[in-house]
Amino acid sequence: MKNAEIAAAFGQFADILEIKGADAFRVNAYRRVSRILEGLGVDVTDLVESGELRDIPGIGEGSASRIEEFLETGEMSALTEARASIPKGLLELLAIPGLGPKTIGLLWTELDVKSLSRLKRALRGKKILELPGMGKKKVENLRAGVVAYESRTGRLHLGAALPIARAIVDVLADMKEAGDVELAGSLRRYRETIGDIDILVSSSRPGPIIRAFTELPQVEEVLAAGSTKASVRVSGAVQVDLRVVEPRSWGAALVYFTGSKDHNVRLRGLAQEKGMKLNEYALTRGKRTVASKSEEAVYSKLGLQFIPPELREDRGEVEAALDHRLPELLEIADMKGDLHVHSNWSDGHASIEEMVRAAKRRGYRYISINDHTRSLGVAHGLTPARLEAQMEEIDAVNARVKNFTVLKGTEVDILSDGGLDMPDDLLERLDIVVASIHSGFGQSIDRITGRIVSAIENPNVDIIGHPTGRLIGSRQAYAVDLEQVMRAAAEHGTALEINAYPERLDLNAVNVRRAAELGVTIAISTDSHRPEELEWMDVGVRTARRGWLTKKGVLNARPLRSLRSALRSSLVGLD
DNA sequence: GCCGTTTTCGGCCCGACTGTTTTCAGTCG
């Protein structure tokens with residue numbers, strides 16, 4: 001699948017044009033194409049073959065023919081030319097906070113700055129102060145920007161960002177001056193990684209709130225502080241942006257600060273079409289306020305169904321909301337149990353009984369214990385004999401607990417040769433068999449796809465665990481043809497997992513949406529190794545929602561009886 | 001570059017903050 005590669009090419013094209021001072025709308029058009037390709041569930045090659053590429057809003061004749069050229073030749077001649085027209089080192093500079101395309105262009109033409117090292121030299125010199133718009137303060141800020149860039153940590157996954165954000169929200173929510181306090185931005189949309197943390201507060205007295213925010217103990221640097229808006233850097237180099245708005249603007253502001261940017265652009269365009277204007281204060285017609293207090297009112301007055309934050313990515317949600325055909329998304333309360341949990345029989349840190357108690361506290365009706373199998377030596381994987389002993393222990397636990405069922409399971413290794421690390425006659429006696437790849441990550445796409453497909457075809461396998469193997473920020477997905485995996489899963493009634501561990505989120509939202517389209521059943525599981533990790537079900541459900549999933553498509557949203565009948569039937573995915 | 005029951009040309013979302021400035025450009029979200 002070339003989608004990501006072509007998306008990156010268009011992104012770079014936009015960067016180059018921007019530095020060269022091209023029309024901002026043209027730059028934006030390329031960026032939009034890049035984002036569209038990233039969010040595409042299907043292989044762009046298929047769209048070219050079916051002739052549907054030009055039907056996608058935002059992809060016109062120009063971009064379409066560039067995409068086709070790339071697929072045919074492996075490059076885009078226009079991009080190759082553009083690359084040759086500026087020094088390679090300039091592109092990197094765009095990532096420095098406070099340094100934008102205009103200044104980069106200026107520094108390049110006036111001071112021959114064409115790389116990070118040349119920039120650092122220029123910032124030490126005196127000549128830079130003679131440039132128009134340049135002063136002492138600005139140079140200082142750019143120096144700080146370079147330091148921040150060089151010590152950057154990259155985007156945070158949800159598991160790291162949420163605790164930091166919630167701690168700040170809790171403090172602000174306790175202030176008497178504060179009304180509503182909410183996370184906004186990509187964190188409220190539950191994107192799998194976030195660049196910074198956005199917090200929105202309603203209040204008629206923003207002063208004390210801004211002050212309290214900038215004086216939080218975890219703040220290491222105040223980047224900006226105005227009368228209604230402030231930015232700080234907290235420990236771990238994360239930027240946190242705070243915005244305070246009047247209570248009457250709460251809804252409009254929440255829409256605005258939740259984004260995404262593309263979603264907002266669509267909403268504003270829609271407002272304009274209807275003779276209205278939308279900004280962070282209100283939806284207005286002339287001088288009259290049409291809606292502002294609640295998000296629901298803003299969407300409603302735009303003629304839209306309410307769009308949940310997780311869908312606001314401009315991936316068709318605005319069109320669907322206009323036609324009132326948004327799906328009724330899965331809710332966290334729909335989840336009846338967890339189907340992939342470890343215990344201290346392998347590499348978990350708690351006993352089966354401790355995991356069960358934690359699951360009961362969450363209101364679950366069942367949980368499945370899925371310890372590793374023996375080939376995963378580092379995790380103390382179970383031999384067939386130990387798995388049988390564990391099954392007896394589970395019987396004993398089930399005899400003690402009320403209104404709750406512990407299911408017998410395993411996370412069986414899909415071996416390098418495609419076989420499973422546990423005999424079939426034993427797998428057959430289990431309730432939940434999760435099959436996962438933990439070795440041979442470097443194999444070819446055909447071999448890995450073949451391993452997973454043969455696991456799917458095994459009638460004892462119920463769920464494929466973390467189907468791509470990626471670890472956000474540290475390990476790429478292995479080479480796998482997901483389309484083929486999804487089609488096989490749909491055919492054989494095998495579920496694919498959303499592994500809710502925040503560093504995995506595997507499948508991701510885009511893939512979940514595609515899988516659901518193909519009729520694949522999804523299992524949302526936490527892969528917990530400790531009782532408190534069961535909490536990650538929340539981000540799993542959020543990921544499912546980002547993939548437009550309803551309760552119907554989720555295996556463990558079923559009550560136990562229905563789950564059991566689904567597992568018995570090989571037609572899980574077809575009902 | 002994309003797009004069109006007002007347009008095939010002329011628009012394209014909107015505002016806060018900062019630093020440099022006598023009225024605004026650049027950056028960011």
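Just so you know, these numbers come straight off a predicted model, no measurement behind them. Labels below follow one simple rule: chain letters A, B, ... track the order of the sequence lines, proteins then strands, and each chain is numbered from 1.
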Base, sugar-phosphate or nothing for [X]? Non-hydrogen atoms, less than 4.0 Å.
{"X": "A:Tyr281", "value": "sugar-phosphate"}
{"X": "A:Ala271", "value": "nothing"}
{"X": "A:Pro97", "value": "sugar-phosphate"}
{"X": "A:Asp241", "value": "sugar-phosphate"}
{"X": "A:Ser231", "value": "nothing"}

Interatomic distance where [atom1] belongs to [X] and [atom2] belongs to [N] [whole Å]:
{"X": "A:Arg31", "N": "B:dC28", "atom1": "CZ", "atom2": "P", "value": "11 Å"}
{"X": "A:Leu283", "N": "B:dG15", "atom1": "CG", "atom2": "P", "value": "13 Å"}
{"X": "A:Lys138", "N": "B:dC24", "atom1": "NZ", "atom2": "C1'", "value": "11 Å"}
{"X": "A:Ile197", "N": "B:dG29", "atom1": "CD1", "atom2": "P", "value": "13 Å"}
{"X": "A:Leu242", "N": "B:dG29", "atom1": "CG", "atom2": "C1'", "value": "14 Å"}
{"X": "A:Leu106", "N": "B:dT27", "atom1": "CG", "atom2": "P", "value": "10 Å"}
{"X": "A:Ile96", "N": "B:dC28", "atom1": "CD1", "atom2": "P", "value": "10 Å"}
{"X": "A:His263", "N": "B:dC14", "atom1": "NE2", "atom2": "C1'", "value": "15 Å"}

With under 30° as parallel and over 60° as perpendicular, where do the rings of A:Tyr299 and A:His263 fit, or are they tilted in between?
tilted
Can you see which heavy atom on A:Tyr149 is nearest to which on A:Leu116, and at what distance?
CE2-CD2, 3.9 Å
Any donor and acceptor pair, going by atom type alone, linking the side chain of A:Ser249 with main-chain N or O of A:Val245 inside 3.5 Å?
no
Candidates [options] - which lies nearest the side chain of [X]:
{"X": "A:Lys261", "options": "B:dT27, B:dC14, B:dG29", "answer": "B:dG29"}
{"X": "A:Pro101", "options": "B:dC14, B:dT27, B:dA16", "answer": "B:dT27"}
{"X": "A:Asp23", "options": "B:dA16, B:dC12, B:dC3", "answer": "B:dC12"}
{"X": "A:Glu280", "options": "B:dT27, B:dG15, B:dG29", "answer": "B:dG15"}
{"X": "A:Asn141", "options": "B:dG19, B:dC17, B:dG29", "answer": "B:dG19"}
{"X": "A:Ala224", "options": "B:dG1, B:dT27, B:dT18", "answer": "B:dT18"}
{"X": "A:Lys137", "options": "B:dG1, B:dG19, B:dG29", "answer": "B:dG19"}
{"X": "A:Arg243", "options": "B:dG29, B:dA16, B:dG1", "answer": "B:dA16"}
{"X": "A:Gln272", "options": "B:dG29, B:dG26, B:dC14", "answer": "B:dC14"}

For [N] and [M], measure between their [atom1] atoms and round to the nearest Å.
{"N": "B:dT23", "M": "B:dT18", "atom1": "C1'", "answer": "15 Å"}
{"N": "B:dC9", "M": "B:dC14", "atom1": "P", "answer": "25 Å"}
{"N": "B:dG10", "M": "B:dG15", "atom1": "P", "answer": "25 Å"}
{"N": "B:dG1", "M": "B:dT5", "atom1": "C1'", "answer": "24 Å"}
{"N": "B:dT27", "M": "B:dT20", "atom1": "C1'", "answer": "14 Å"}
{"N": "B:dC17", "M": "B:dC12", "atom1": "P", "answer": "25 Å"}
{"N": "B:dC2", "M": "B:dT6", "atom1": "P", "answer": "23 Å"}

So, is [X] near the phosphate of [N], with a side-chain N or O under 4.0 Å from OP1 or OP2?
{"X": "A:Ser227", "N": "B:dA16", "value": "no"}
{"X": "A:Thr228", "N": "B:dC17", "value": "yes"}
{"X": "A:Lys274", "N": "B:dT6", "value": "no"}

Decide, yes or no, whether a salt bridge links A:Glu68 with A:Arg54 under the criterion of side-chain N to carboxylate O below 4.0 Å.
yes
Salt-bridge contact A:Glu192-A:Arg542 (side-chain N to carboxylate O under 4.0 Å)
no
How about A:Arg155: does its CZ atom have over 12 heavy atoms from other parts shown lying under 6.0 Å from it?
yes
Test side chain to side chain contact (heavy atoms under 4.5 Å, CB included) applied to A:Leu142 - qualifying residues, sequence neighbours left out
A:Leu99, A:Leu123, A:Met134
Most 5' of A:Arg66 and A:Leu99 on DNA chain B, judged by nearest nucleotide:
A:Arg66
Closest nucleotide of DNA chain B for A:Asn279 versus for A:Phe25: which of these residues is on the 5' side?
A:Phe25
Complementary nucleotide of B:dT18, counting Watson-Crick and G-U pairs under 3.5 Å:
B:dA25
Identify every side-chain donor-acceptor pair in residues 326-335 of chain A under 3.5 Å, counting partners at least two apart or on other chains, and give the distances.
{"residue": "A:Asp334", "atom": "OD2", "partner": "A:Glu331", "partner atom": "N", "Å": "2.8"}

